[in-house]
Amino acid sequence: MCGIVGYTGKGPAVELVVRGLEKLEYRGYDSAGVAFLLGGKLRVVRAVGRVEDLRRKLPPEAAAATSAIGHTRWATHGRPSELNAHPHSDGAGNFAVVHNGIIENYARLREDLQRQGCVFTSETDTEVAAHLISRLHEACGDLPRAVERAIGMIEGTFAFAVLSTHYPGRLAATRRGSPLVAGFGQGEMLVASDALPILPTTHDVYYLKDDQVLDVEPGGARLKGEAVAPSDHIHWSAEEAERGGYEHFMLKEIHEQPAALRKLASKLIEDPGAPGDPGGFPRFRLDEMRVTAEDLRKATRVVVVAQGTSYHAGLIARNMIERTARLPVQVEYGSDFRYRDPIVDPGVLVLGISQSGETADTLGAVRLAKERGCRTVSVLNVQGSTMARESDGCVPMHVGPEIGVASTKAFTGQIAALYVLAIHLGVVRGVLTAPEARRRVDDLLQVPQRIDEALAQAAHVREIALKYKDAEHALYLGRGTGFPLALEGALKLKEVSYIHAEGIDAAEMKHGPIALIDEKMPVFVLALQGRRYEKIVSNIQEVKARGGRVIAIASHDDREIAARVDDVIRVHDDRGIMNSIVCSIPLQLIAYHIAVGLGRDVDKPRNLAKSVTVE
Ligand code: M6R
């Protein structure tokens, strides 16, 4: 979704803002723009397309500006065009505004402003804010106060950064619902939609709270006249957010998974427990969860709320938690949960799963659960995100920044973090014995090695992927935890290759989808050995009997599968739920190589945003 960057200091503001926008490209956008002050005048440059298109349009004199705001726009109101791109200004050209979010009452505000003589040049909701701030400033003569009054009249979600000819070297920044963070450098300040544009300058940040209006100057920031100190120190390094020699972030992040999960385990597992000691339970570092053991013991049910890939991780968590803690788990799209008047009570533990911690639908569901008195715990990757701050507690995944729009290491990180949580629940609730808990922890500790083994076959997976790259449709089948993996495999392929793909519970095939099978249909089947193996083999035979082409993801020691299918990708099968992580690797590689084979922009797939901050 839209990205905001603002800078004020001694440096080349426009260049620094444009570099910041490049760091936000991963969020998804269709146009970009900057506003800066030169000789007391506001200059605005905008371009449809990529940040590099914007860079080409910048005049040489822009290099002299020392304060600027910039924006990447993901169109909501009005098509992608130069006129609709941000920044937007008031008629007199004294105020420039960039915005992330949706102004719900913009039509009414626009009519009022037009009646007062304002002339609009775009179809956007944002332009309303520029005119409104300008009008209110005429009355109060103070930038933060004008912004505060404007947001008092605005309904909806927003993050705004404002630059004005009346306040050279100052920016105003505010938010409600959409993220915004300020970075404190030495004599220079930044504001941005997330920390990535700020990291090259500083790791000391302040996350704005809803409706706060930050008055930003090179030397610091103020809230209602009071100086503000940084509230957080970001642990990610600037290098982690670079491609580091890989062709794409998605490929880098696929290959980072062994290291990412090692780090996750080292952060979340304090002590795996002493082998041979019947009382030696593993110990976890879950202090940020802020839910007492008593609350966990008393919990009557778990409700998971999530969207997209995180929802698929939630479906896997259901199997884990039900097995390890014998606690019923319901998995919900946050988008549906929040509008359904759900039946929850204070005995329900609500788990929000979100890589970004900013997904509007998941956040809305967590907020509703809190209102209903539920304990809320979020499994997150982004420190300081809105969900991290609004949930009662959180379980951080520690897998490092995920820039590729298609989630890869965050998905496997979610599964691993949720497994830690599931084992902890099982121990606290007296369901797991010490050896059982230790065995599960050992399985988790073994996973990075298994991922390494799966990655060692990347060339073989690529060969298979390229064989099927020209398919128009693809099916993914699985049973048990194989089903959410089928959903995830299909989602990955759709997102980055634009091939139509569906994930189906293999048991459902006979109830309709089998009609889709013909000799052109590749069918990727999660076919690891286990309780449902014979049934999955029957599904494979049914597909083959109708001419479908089957690619099986199978156990390393399955001797029969090769004769039944067209292609086999083997993974080391430890016969446990951690197989779900290991099987994710070939699914990610298949999607990646098909997309690259088709010439797609895998890190910035069309129409997609990394962080979906509007409903
Ligand atoms: O940041 P979140 O985990 O809350 O995001 C949820 C979905 O938008 C996200 O998983 C999306 O489906 C990804 N693009 C999947 O690759």
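When a ligand or atom number is given, it counts from 1 through the structure's own listing order.
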J.: Report yes if some N/O of S356 lies less than 3.5 Å from some N/O of ligand 1; otherwise report no.
T.: yes
J.: Hey, which atoms in ligand 1 end up nearer than 4.0 Å to a heavy atom of S354?
T.: 1 (O), 2 (P), 3 (O), 4 (O)
J.: Give the residue, atom name and distance (to 0.1 Å) of the protein heavy atom nearest atom 7 (C) of ligand 1.
T.: Q307 O, 3.7 Å
J.: Does the ring of Y29 carry R50 above it, NZ/CZ under 6.0 angstrom from centre and within 45° of its axis?
T.: yes
J.: Give the contacting part of K610 toward ligand 1: side chain, backbone, both or neither, where contact means a heavy-atom distance below 4.0 Å.
T.: neither
J.: Hey, which atoms in ligand 1 end up nearer than 4.0 Å to a heavy atom of V405?
T.: 13 (C), 14 (N), 16 (O)
J.: With Y468, which of I590, D567, I499 fulfils side chain to side chain contact (heavy atoms under 4.5 Å, CB included)?
T.: D567
J.: Tell me whether ligand 1 is touched by K492 - counting only heavy atoms on the residue side and a distance under 4.0 Å.
T.: yes
J.: Of the protein's non-hydrogen atoms, which lies at the shortest distance from atom 13 (C) of ligand 1, and what is that distance?
T.: E495 OE2, 3.4 Å
J.: Heavy-atom contact under 4.0 Å between A406 and ligand 1?
T.: yes
J.: Which residue and non-hydrogen atom of the protein lie closest to atom 8 (O) of ligand 1, and at what distance in Å?
T.: V612 CG2, 4.0 Å
J.: Mark yes or no: R606 above the aromatic ring of Y498, with NZ or CZ under 6.0 Å from the six-membered ring centre and no more than 45 degrees from the axis.
T.: yes
J.: For atom 3 (O) of ligand 1, what's the nearest protein heavy atom and its distance?
T.: S310 OG, 2.5 Å
J.: Would K23 and E242 pass as an ion pair if we require N to O under 4.0 Å?
T.: yes
J.: Just to verify, which of R27, K610, K252 counts as forming a salt bridge (charged side-chain N to carboxylate O under 4.0 Å, His left out) with E402?
T.: K610
J.: Looking only at the side chains, is there a donor atom on one of Y26 and D194 sitting less than 3.5 Å from an acceptor on the other?
T.: yes
J.: Just to be sure I'm reading this right: ignoring hydrogens, which of V305, T309, L608 gets closest to atom 10 (O) of ligand 1? Compare them by their nearest heavy atoms.
T.: T309
J.: Table please: side-chain donor-acceptor pairs of residues 474-490 below 3.5 Å, with sequence neighbours left out.
T.:
unit_1	atom_1	unit_2	atom_2	d
R479	NE	N539	OD1	2.9
R479	NH2	N539	OD1	3.1
E488	OE1	T309	OG1	3.0
E488	OE1	H312	ND1	2.8
E488	OE2	T309	OG1	3.2
E488	OE2	K492	NZ	2.6

J.: Using every non-hydrogen atom in the two residues, find where D125 and I103 come nearest and quote the distance to one decimal.
T.: OD2-N, 2.8 Å
J.: Output the list of atoms in ligand 1 that are nearer than 4.0 Å to some heavy atom of T359, sorted by atom number.
T.: 1 (O), 2 (P), 4 (O), 5 (O), 6 (C)
